[in-house]
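Working notes for the structure below.
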Amino acid sequence: MENAEIAATFELIADILDLTDENPFKVRAYRTAARVIESRSEPLHKAVEEAADLTEIQGIGKEIAAKIAELVQTGRLGYLERIRREVPPGLFEILKLRGLGPKKTRKLWQSLGITTIEELEERARKGELAQLEGFGQKTEEKILKATADYRLLGARTLHFAAEPVVKALKKHLEGLPGVKQVEAAGSFRRQVETVGDLDILVIADQPYPVMERFTAFDQVASVESAGETRSTVILDSQLQVDIRVVPEKSFGAALCYFTGSKDHDIRLRKLAQEQGMRLSEYGLYRVEEGAPDPEADSLWVAGETEEELYAALGLSFIPPELRENRGEIEAARQGRLPALIEPGDIRGDLQMHSNWSDGRDPIETMLNACAALGYEYFAMSDHSKALAMAHGLDAARLRLQRQEMEEIAARYPEIRMLRSLEVDILADGSLDLEDEDLQELDLVVAAVHSYFDLPPARQTERIIRAISHPLVNILAHPTCRLINKRLPIQYDLEAVLQCAVEHRVAVEHNAQPDRLDLKDTQLMRARELGAMIVIDTDAHTAETLSHMRHGIAQARRAWLTRNDVLNTKPLADLMAALGKQPAV
DNA sequence: GCCGTTTTCGGCCCGACTGTTTTCAGTCG
């Protein structure tokens, strides 16, 4: 059992306890445990197998340690099975609505018997909610908006969350004799930020044993269809997985076909047609009038690899990230596809947090992790004081932090640590700290963490005011979206990007897997407008510095090259581009 | 439920904001 699954189990327990009005500190203990477990790099099941003492982990005591052991050893948890009967499952969904926490959800349930989002919406429309003690007109309106928003958010799986599933499936299938290759195609391969399902492609001599093994995968909840070369299952996580077994000769064509996108595929097939050929998932064939078998070996052109397939169509190889029919086919034909940015191009990470604010690790740990990644520089950018919950820094603590940073930096000449701060943009667009404090820093990152619902015009004004401030260098997670959780804030992005260009402020692509903000299409637009772009991880732990690759993936989808991204440059060039004095 | 001790109980991060109230509960970050 993966750490993520154990963590999800404890989150569920916390929700149930919340809804049954348990001691809030007990609830918090479960949530803390869930977070601790999820952020651990080492799998807990291994620790259990080795009979390690789990209570040595901060946040895990005797009770939770025993529950982890039970989960790992039996795959179940008696305690959870007992308490989950007390709560209708629809309430967990209601809990996810913005503005509804455990108290209000419980009240709706106990007083009005509401147990589903649909019921909630209906009763709100009838005005019944406003009658409830502690509720009112405004609350009712907010709930209606929240249910509408919830529907928009959809339920696609984060690419990040699909990764371990793909990995486990590959391992599961690759162990089978006769299996030559296993690849995930579809939107997963194109690095789309979320996936609707997974498409797995397998080369094998015998399809049947592959199918048998596939449906025996331990995460399979139900088998929707199981054919000779194609099967569909639903996993415990509700993710749908399609598998397709193809012969080696067709692998390139099949991979291309199932990678898509659909529009890209259609364009390729048309292109083949124009050249007197026919493209299918089995390969590229010459068309001959009156040929008895249109897929005869004598008509075969290409299809074992994607490279030869694209070449046969007169195209240079198109990386999967670009296959969205956004002009890539024309570019490939003319040989002017961009040389996409690669993970190794990044010279430094410009946003991360230490335990001075809401990060987990000390500055020195973060420094060492950055050095291990081969970075030449990095910026430590803890939160400012407005974010009280994150233990944001005020001027006094900022000065104290500076002392610590200087002491640490002196011991690590091999990497340059930049002093930065993720300063809050307040409601009126002013910054959370005074100029005299901010100008002590090497870089100033400005970010919105509050007042997400301002009218668009005011939101635009607010952000423009903030990035017009002469000390601001980077606008962090510009739209504040959380994929599947929070919609982007509404404002005139175009105007903000133009303002950023004017004031030499870089816009961030935040590589946190549920942010990826700006998103691919917005990044493309930012580049078109001449905005400077930085990709950073906003890491809150040393391990999550590795999330850089998710940011790179989105940048590639946005057609960005190394030259388009500021933190691929040597430090002096980066600082010059931002109009800063070269850092000493 | 966890943690740390002034060890076996008592505190647990907390400020801002909203909408409901008439001094505060609930939610968010």
Side-chain angles (χ1 to χ4, degrees), chain A residues 7 9-37 53-68 70 77 79-80 83 94-111 124 129-146 149 353 355-360 382-394 397 422-428 432 447-454 476-477 480-482 485-487 489 512 514-515 538 540:
Chain A
T9 305
F10 289 136
E11 278 291 347
L12 180 58
I13 291 175
D15 281 350
I16 294 170
L17 297 178
D18 245 343
L19 288 167
T20 49
D21 214 18
E22 257 284 358
N23 174 0
F25 296 109
K26 185 170 165 180
V27 178
R28 185 190 294 175
Y30 275 107
R31 295 209 195 277
T32 306
R35 263 205 327 278
V36 165
I37 291 164
D53 183 10
L54 297 176
T55 63
E56 276 178 17
I57 302 168
Q58 191 70 230
I60 294 178
K62 248 178 76 183
E63 293 290 332
I64 292 185
K67 291 187 171 78
I68 294 171
E70 189 187 341
L77 189 55
Y79 173 66
L80 173 61
I83 63 170
I94 295 181
L95 259 187
K96 288 185 198 150
L97 296 175
R98 246 171 99 67
L100 281 182
K103 297 284 156 49
K104 284 193 169 142
T105 302
R106 183 161 191 267
K107 180 105 192 172
L108 290 164
W109 170 38
Q110 307 261 299
S111 305
L129 269 45
Q131 314 301 319
L132 220 51
E133 189 199 348
F135 286 65
Q137 196 76 48
K138 289 260 177 83
T139 307
E140 199 169 67
E141 284 165 21
K142 277 199 155 180
I143 287 174
L144 278 172
K145 169 142 192 346
D149 283 352
H353 301 264
N355 60 0
W356 277 79
S357 62
D358 61 349
R360 186 195 69 192
D382 277 305
H383 285 289
S384 68
K385 63 182 178 358
L387 220 54
M389 147 273 188
H391 205 37
L393 274 61
D394 59 14
R397 290 186 64 228
E422 186 183 5
V423 63
D424 255 58
I425 298 175
L426 303 180
D428 63 357
D432 188 28
V448 167
H449 292 110
S450 59
Y451 299 100
F452 297 129
D453 290 330
L454 290 184
H477 46 74
C480 301
R481 71 157 177 177
L482 294 175
K485 287 193 206 126
R486 184 169 69 210
L487 293 168
I489 58 175
Q512 282 194 28
D514 62 346
R515 283 195 185 270
D538 197 0
H540 286 64

Taking for each residue the nucleotide of DNA chain B with the nearest heavy atom, is it A/Lys67 or A/Gly134 whose nucleotide lies nearer the 5' end? A/Lys67
Mind checking A/Glu133 for me? I need base, sugar-phosphate or nothing, with any heavy atom below 4.0 Å counting as a touch. nothing
Between atom CG in A/Leu100 and atom C1' in B/dG19, what is the gap in whole Å? 13 Å
d(CD1, A/Ile489; P, B/dG29) in whole Å: 12 Å
A/Arg486 side chain N/O closer than 4.0 Å to the phosphate oxygens (OP1, OP2) of B/dG29? yes
d(CG, A/Asp358; P, B/dG15) in whole Å: 16 Å
If the test is salt bridge (charged side-chain N to carboxylate O under 4.0 Å, His left out), which one of A/Asp424, A/Asp394, A/Asp432 qualifies with A/Lys385? A/Asp432
Any side-chain to backbone donor/acceptor pair from A/Ser111 onto A/Leu108? Under 3.5 Å, distance only. no
Picking from B/dA16, B/dG15, B/dG4, which would you name as closest to the side chain of A/Tyr451? B/dA16
Atom P, compared across B/dC28 and B/dT20: separation rounded to whole Å: 15 Å
If I take atom CG in residue A/Leu426 and atom P in nucleotide B/dG29, what distance separates them, rounded to the nearest angstrom? 17 Å
Heavy atoms under 4.0 Å, any strand shown: does A/Asn23 hit a base, just sugar-phosphate, or nothing? base
Measure the distance from CZ on A/Phe135 to P on B/dT21 and round it to the nearest whole Å. 11 Å
Looking for any heavy atom pair under 4.0 Å, which part of the strands does A/Pro24 touch: base, sugar-phosphate only, or nothing? nothing
Which whole-number value in Å describes the distance from A/Ile37 CD1 to B/dG1 C1'? 13 Å
Proximal nucleotide (of B/dG29, B/dT27, B/dT20) relative to the A/Pro102 side chain: B/dT27
Both A/Leu132 and A/Ala386 contact DNA chain B. Which one's nearest nucleotide lies toward the 5' end? A/Ala386
With the side chain of A/Lys142 defined as its heavy atoms from C-beta on, choose the nearest nucleotide among B/dG1, B/dT18, B/dG26. B/dT18
So, the side chain of A/Arg481 versus the backbone of A/Leu487: is there a donor-acceptor pair under 3.5 Å, distance only? no
So what does A/Ile13 hit on the nucleic acid, given a heavy-atom distance under 4.0 Å: a base, only sugar-phosphate, or nothing? nothing
In Watson-Crick or G-U wobble terms, with both distances under 3.5 Å, the base opposite B/dT8 is none
Assign the ring pair A/Phe10 / A/Tyr30 to parallel, tilted or perpendicular, where the plane angle (0 to 90°) is split at 30° and 60°. tilted
Between B/dG11 and B/dA16, how far apart are the two P atoms, rounded to whole Å? 24 Å
The side chain of A/Ile64 lies closest to which of these nucleotides: B/dT27, B/dG1, B/dG19? B/dG1
In terms of relative ring orientation, are A/His540 and A/His383 parallel, tilted or perpendicular, with 30° and 60° separating the classes? tilted
Which value, in whole Å, describes the distance between the P atoms of nucleotides B/dT5 and B/dC12? 15 Å
Roughly how far apart, to the nearest Å, are B/dT8 and B/dG1 at atom C1'? 15 Å
For the side chain of A/Gln58, counting heavy atoms from C-beta on, which of B/dG1, B/dG26, B/dG4 is nearest? B/dG4
Just by distance, do the side chain of A/Arg515 and the backbone of A/His477 share a donor-acceptor pair under 3.5 Å? no
Quick one: A/Leu12 CG to B/dG1 C1', roughly how many Å, whole number? 17 Å
Side chains of A/Thr139 and A/Leu132: does their closest heavy-atom pair fall under 4.5 Å? no
Okay, side chain of A/Gln512, backbone of A/Asp538: is any donor-acceptor separation there less than 3.5 Å? yes
Would you mind classifying the nucleic acid contact of A/Leu97 as base, sugar-phosphate or nothing, using non-hydrogen atoms under 4.0 angstrom? sugar-phosphate
For the C1' atoms, the ones on B/dG10 and on B/dG15, what distance do you get once it is rounded to whole angstrom? 24 Å
When the C1' atoms of B/dT21 and B/dC14 are considered, how many whole Å apart are they? 22 Å
Atom CD of A/Glu141 and atom P of B/dG19 are separated, to the nearest Å, by 9 Å
Regarding the side chain of A/Thr139, the nearest nucleotide among B/dC12, B/dC2, B/dT20 is B/dT20
B/dC17 to B/dT22 separation - P atoms, rounded to the nearest Å: 23 Å
Options B/dT20, B/dG1, B/dG26, nucleotide nearest the side-chain atoms of A/Tyr79: B/dG1
Taking the side chain of A/Ala388 as heavy atoms from C-beta outward, which of B/dC2, B/dT18, B/dG15 is closest to it? B/dG15
A/Phe10 near the nucleic acid: base, sugar-phosphate alone, or nothing, with a heavy-atom cut-off under 4.0 Å? nothing
Please determine, for the side chain of A/Tyr30, which listed nucleotide (B/dT20, B/dG26, B/dG1) has the closest atom? B/dG1
